[in-house]
Amino acid sequence: MAEVNEEKSLNFIQQIIKDDKKNGKNESRVHTRFPPEPNGYLHIGHAKSICLNFGLAQQFDGKCNLRFDDTNPSKEETEYVDSIMEDIKWLGFEWEGDPHYTSDYFDQLFEWAVKLIKDGKAYVDDQSAELISEQKKSPTEEGIESPYRNRSVEENYDLFLRMKNGEFKDGEKVLRAKIDMNSPNMHMRDPIIYRIMNAEHHRTGNKWCIYPMYDFAHGESDYLEGITHSICTLEFEVHRPLYNWFVENLTDTEYRPRQIEFARLNLSYTVMSKRKLLELVEGNIVSGWDDPRMPTVSGLRRRGYTPDSIRMFADKIGVAKRENVIDVSLLEYCVREDLNNKAPRAMAILDPVKVVIDNYPEDKVEMMNIAYHQKDESMGSREVPFTKELYIERSDYMEDAPKKFFRLSEGREVRFRGAYILKCESVEKDADGNISVIHCTYDEETRSGSGSEASKRKVKGTIHWLSASHSLDAEVRLYDRLFSDPAPDGHKDVDYKEFLNSESLEILSNCKVEPALANVKPLDFFQFVRMGYFNVDKDSTKEKLVFNRTVSLKDSWAKMNK
RNA sequence: UGUCCCAUGGUGUAAUGGUAACACAGCAGAUUUUGAUUCUGUCAUUCUAGGUUCGAGCCCUAGUGGGACAACCA
C-alpha cells in the first residue's frame, strides 16, 4: 500500500495522527478499529470508513482491529457478522488478529460499572424510561435529578448485583452514571450505562440479562484494545465528553484513546441508512441486500464494481467534517476507470436484428481473430465466427438517418468490428412495419488486419455483430438508479419511497453473446463493446447465461440527441 | 431562547499567514476499426461585516446560513 506521500496533502485526521506520532503520544502507536454493529449489511458509506481506518493503519505503520459492537442482542445476528467479514476481506483489507466483539468484554465492563458504583459515580434508578426521559428535559432547560440519585453505595451495589442476577424484569431498573443533570450536553445528564434485557445474545447466549449501553461500552472497548484513534461519524461529536469521562474515571494509565469525528458519506440518488435499506429488503422492493441496485457492498459487488474501484472512490471523495453529497457519477467514473484497464472486450447484442450479406457464400464460416483488449496484448485474443447471417444492434440501423448518424442506413457503409466493411442495400419489414432483415453486401478486400489497401479504408462508423448461427442466448439485466430524486430522503413531507424509480430494472431476455462466453462464471466481467461493462450474475448457468450491466459506456451520441 | 460542529466553482477535496489548485460533472476540439479510451482547450470558487497583519480562504470578534444533541439504539 501507498506510504503517506509527502507531496500529497494530508486530510485532517492524517494531520492529527502525524502530530500525535511526532509528539510521542501513546508511545507513537497508531491503532484504529472498524466497529460495525452486526445488525445489517455494509454499504458504501461503511466502505468509506473501512478504507479510512484500515488505510490509516497502513499509512502510519499501525494496526486496525475489526470489532463487532454487539451490545444490543435484540437486533444483532450472526448472519450479519458473516457478511461483514466477507465484505471487508473482499474490499482487500485484513484486520489485526482475530475479530473482536464488545461482548468479549462484558465481564470487564461489569467490573468497571461496579467500580463506578463504589466510587459513588453511578446509581441504580428505579424509574421508567418515560420518567427518566422527562426529567432530562430539553437542551435549553435544566434537568431534574432522580429521587434515586443519592442511594448509598451499598444499596446501589446490591441492586446492581440483583439486576445482573435476573431478579428484575426488562426496564424495571437501570444503572446510570452520576454526572450532571444541568449539563448543556444532554449526554452528560446522568446517562444510562446498563439496562436489563432478557434476550439471548448471539454469542453470550443467556449468560447476561443486563447489557451495557454504547457510550459506556464503546470507549472502554477501545481502551481495552489499545486503540489510539477512534474514528467515528459526526453525530457522535456530542458524545465525546462522555467518552472521555468514562476513560478518565475508570483508568489510571497515561494511555488515552482519542475520538475523532468525520462526515459520513452521502450519495446522490440513493439512501444510505440501514433502516431504509432494511425496509427496501423487507418490503421486497429490491431482491435482497445484494440486489445490484443497492448501495450495499454486496450489491455493488454483484453489480460488477471491483474492490479497486471502491477504494479509488473512497480515496477521491476525501475526508472532512463538512456535510457532503457525492454525485453518483463519481462512483461510476471510478468503475469505468478501473474496468477500462481490466475488462476483456467481447461482443453482445442486446436488441438483435438480422443482417444478411447477399454476396457472402452460403455456408462459409470465417474465424475472425479479435484481441480481448486493444491496448493490452497480455489479455490475448479469441476467434469470432463470421457468417452470411449476422445479428446487429437494432439501434445501429436507421431509416432516413441524419448525416451525423455513423451507422447503417440504406446506401451507407460501416465497418463490422474486426471483420469487413459492409454496405447496406435494403431492408425487409414485417407486417407491423418493423425491420426484420437488413440486406448488405460486403467487400472481400476489406477484411480487418489483411493489410490490403482496401482494409485500411476509413469509414465513419464501426459496429459490433454476431453470427446468427453461432451466438449464444443470454439474459441481460440493465440497472438504473433506484431513485429518481437526487435526495430521496431529503424531503420533509414526502416519504423517500415516493421517489422510487419504476424503471430501475430492465430485463432483456432475448440477447445474444459470442460463443467465447460459453463458460463464464459469476463475477466474471467484460466490456461488451460499445454497450458498457457487464458481469456475470450469480443466477447465471451454463444453460441460461445472465449478465448485469455494471455501468454503461459514456455515450456522446446519446447525449447529443437529448 | 442552550452546547457543540461546519461554511472554498454545479459536486467534492486541497492550499497549514505569501500567485486560490486538483478531480468529477459541463462545454468545445483532435485522435480513434468501441460515438469508448486517450489527448488538448474551456467555463466556474473563498457566506457577510468588522478587526489583527506589510500581507488573511487561513488568525480574532460579531452576524448569517446549515447540521448534530433531548432511545433503556449504535
Side-chain angles (χ1 to χ4, degrees), chain A residues 8-12 15 35-37 39 69-72 74-76 125 128-130 132-134 136-143 170-176 183-189 191-197 211 213-215 217-218 232-241 261 263 268 274-275 316-327 329-334 336-337 340-341 345 347 370 374-375 404-407 414-419 421 446 448-449 455-464 527-532 552-560:
Chain A
K8 204 185 166 195
S9 58
L10 303 180
N11 66 46
F12 82 102
Q15 192 63 249
E37 182 188 12
N39 69 344
D69 217 342
D70 55 353
T71 56
N72 187 352
S74 66
K75 295 199 294 187
E76 295 149 6
D125 197 330
S128 68
E130 296 70 39
I132 290 175
S133 169
E134 259 174 50
K136 282 188 182 176
K137 296 286 185 179
S138 75
T140 53
E141 24 177 10
E142 296 189 343
D170 285 7
E172 214 175 311
K173 289 188 167 34
V174 290
L175 184 69
R176 291 227 257 168
S183 172
N185 182 337
M186 296 300 288
H187 296 279
M188 301 299 273
R189 319 253 264 221
I192 289 160
I193 58 183
Y194 259 98
R195 82 280 215 182
I196 299 169
M197 195 181 263
Y211 292 94
M213 301 294 292
Y214 167 85
D215 285 303
H218 197 94
C232 61
T233 46
L234 249 30
E235 67 268 28
F236 291 102
E237 212 148 24
V238 278
H239 294 241
R240 195 180 342 124
E261 311 86 13
S268 62
K274 277 196 217 171
R275 201 205 92 228
K316 284 191 179 299
I317 59 179
V319 179
K321 298 190 74 162
R322 154 164 55 151
E323 306 276 346
N324 61 82
V325 183
I326 308 288
D327 202 313
S329 65
L330 182 61
L331 222 206
E332 292 174 348
Y333 163 83
C334 290
R336 287 195 187 103
E337 178 80 2
N340 178 44
N341 296 321
R345 273 51 174 171
M347 294 198 282
I370 304 178
Q374 228 175 7
K375 294 175 183 169
K404 292 220 164 187
F405 185 77
F406 305 141
R407 309 176 190 180
V414 158
R415 161 72 62 183
F416 275 43
R417 190 166 200 271
I421 294 175
T446 60
S448 288
S455 75
K456 292 175 188 160
R457 231 175 84 210
K458 302 280 181 199
V459 285
K460 212 46 180 148
T462 299
I463 65 173
H464 58 288
Q527 184 198 96
F528 286 166
V529 164
R530 302 207 304 137
M531 304 309 287
S552 63
L553 257 27
K554 278 205 208 165
D555 190 345
S556 54
W557 167 249
K559 196 179 279 177
M560 205 167 112

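A quick note: this is a predicted structure, and the numbers were derived from the prediction, not measured. Below, chain A is the first sequence line, B the second, and so on; all start at residue 1.
A:His464 meets the ring-ring contact (aromatic ring centres under 6.0 Å, His included) test with no other residue; sequence neighbours excluded. Partners of A:Ser133 under the side-chain hydrogen bond (donor to acceptor under 3.5 Å, both in side chains) rule, at least two apart in sequence or in another chain, do not exist in this structure. When the side-chain contact (heavy atoms from CB on, under 4.5 Å) test is applied to A:Met213, the partners found at least two apart in sequence or on another chain are A:Ile192, A:Arg195. Not counting sequence neighbours, A:Arg336 has no partner by the salt bridge (Lys or Arg N to Asp or Glu O under 4.0 Å) test. Scanning for side-chain contact (heavy atoms from CB on, under 4.5 Å) contacts around A:Lys404 gives A:Trp557, A:Met560, with sequence neighbours left out. Residues satisfying the side-chain contact (heavy atoms from CB on, under 4.5 Å) test with A:Glu141, not counting sequence neighbours, are A:Lys137, A:Ser138. Among residues two or more places apart in sequence or in another chain, the side-chain contact (heavy atoms from CB on, under 4.5 Å) test is passed with A:Asn11 by A:Ile13, A:Gln14, A:Val319. For A:Tyr214, the ring-ring contact (aromatic ring centres under 6.0 Å, His included) test picks out A:His218, A:Phe236, with sequence neighbours left out.
Separating the P atom of B:rC39 from that of B:rU32 is a span of 16 Å, rounded to the nearest Å. Going from the C1' atom of B:rA44 to that of B:rA25 covers 12 Å, rounded to whole Å. To the nearest whole angstrom, the two P atoms, one in B:rG9 and one in B:rU48, are 11 Å apart. Rounded to whole Å, the separation between the P atoms of B:rU42 and B:rC59 comes to 33 Å. B:rU52 and B:rG57 have their P atoms separated by 16 Å, given to the nearest Å. Taking atom C1' on both nucleotides, B:rG63 is separated from B:rG10 by 27 Å, rounded to a whole Å. Between the C1' atoms of B:rA14 and B:rC58, the separation comes to 13 Å (whole Å). Comparing the P positions of B:rU3 and B:rA62 gives an interatomic distance of 11 Å, to the nearest angstrom.
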### Task
Using a 4.0 Å cut-off on protein heavy atoms (strictly under), produce a 5'-to-3' string for nucleotides 30-43 of chain B with B for base contact, S for backbone-only sugar-phosphate contact, and - for none.
---BBBBB------
### Message
For nucleotides 66-74 of chain B, give me one character per nucleotide, 5' to 3': B if any protein heavy atom sits under 4.0 Å from the base, S if the only such contacts are to the sugar-phosphate, - if neither.
### Response
-SSSBSBBB
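When each of B:rG12, B:rG26, B:rU13 is scored by its nearest atom to the side-chain atoms of A:Lys559, the top-ranked nucleotide is B:rG26.
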Between the protein and nucleotides 18-22 of chain B, which nitrogen or oxygen pairs come in under 3.5 angstrom?
none

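With hydrogens and angles ignored, the 3.5 Å screen pairs a side-chain donor or acceptor of A:Ser183 with a backbone N or O of A:Asn185. Without hydrogens or angle criteria, A:Thr446 side chain to A:Ser455 main chain gives no donor-acceptor distance under 3.5 Å. No side-chain donor-acceptor contact under 3.5 Å links A:Arg345 to the backbone of A:Val529.
Under the 90° criterion around 0 for the glycosidic angle, B:rA71 counts as syn.
Residue A:Ile317 contributes atom CD1, which lies 9 Å from atom P of B:rU13 at whole-angstrom precision. Going from atom CG of A:Asn324 over to atom P of B:rC24 covers 18 Å, rounded to whole Å. Across the protein-nucleic acid pair, A:Leu10 atom CG and B:rU13 atom P stand 16 Å apart, rounded to whole Å. In this entry the distance linking CZ of A:Phe12 with C1' of B:rC58 reads 17 Å, nearest Å. If you take CG of A:Leu331 and C1' of B:rG12, they are 13 Å apart, rounded to a whole angstrom.
Residues A:Tyr194 and A:Val174 form no side-chain contact, since every pair of their non-hydrogen atoms from C-beta on lies 4.5 Å or further apart. Side-chain contact between A:Leu553 and A:Gln527 is present, with at least one heavy-atom pair separated by less than 4.5 Å.
Nucleic acid contact class of A:Gln15 (heavy atoms, under 4.0 Å, all strands): base.
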### 5'-to-3' dot-bracket of RNA chain B (Watson-Crick, G-U; under 3.5 angstrom; crossing pairs as [ ]; | other strand)
.((((((..((((....[..)))).(((((.......)))))....(((((..]....))))))))))).....
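When each of A:Glu76, A:Arg275, A:Lys274 is paired with A:Asn39, the side chain to side chain donor-acceptor pair (under 3.5 Å) condition holds for A:Lys274 and for no other.
A:Arg189 and A:Glu142 get closest at one heavy-atom pair: NH2-C, 4.0 Å.
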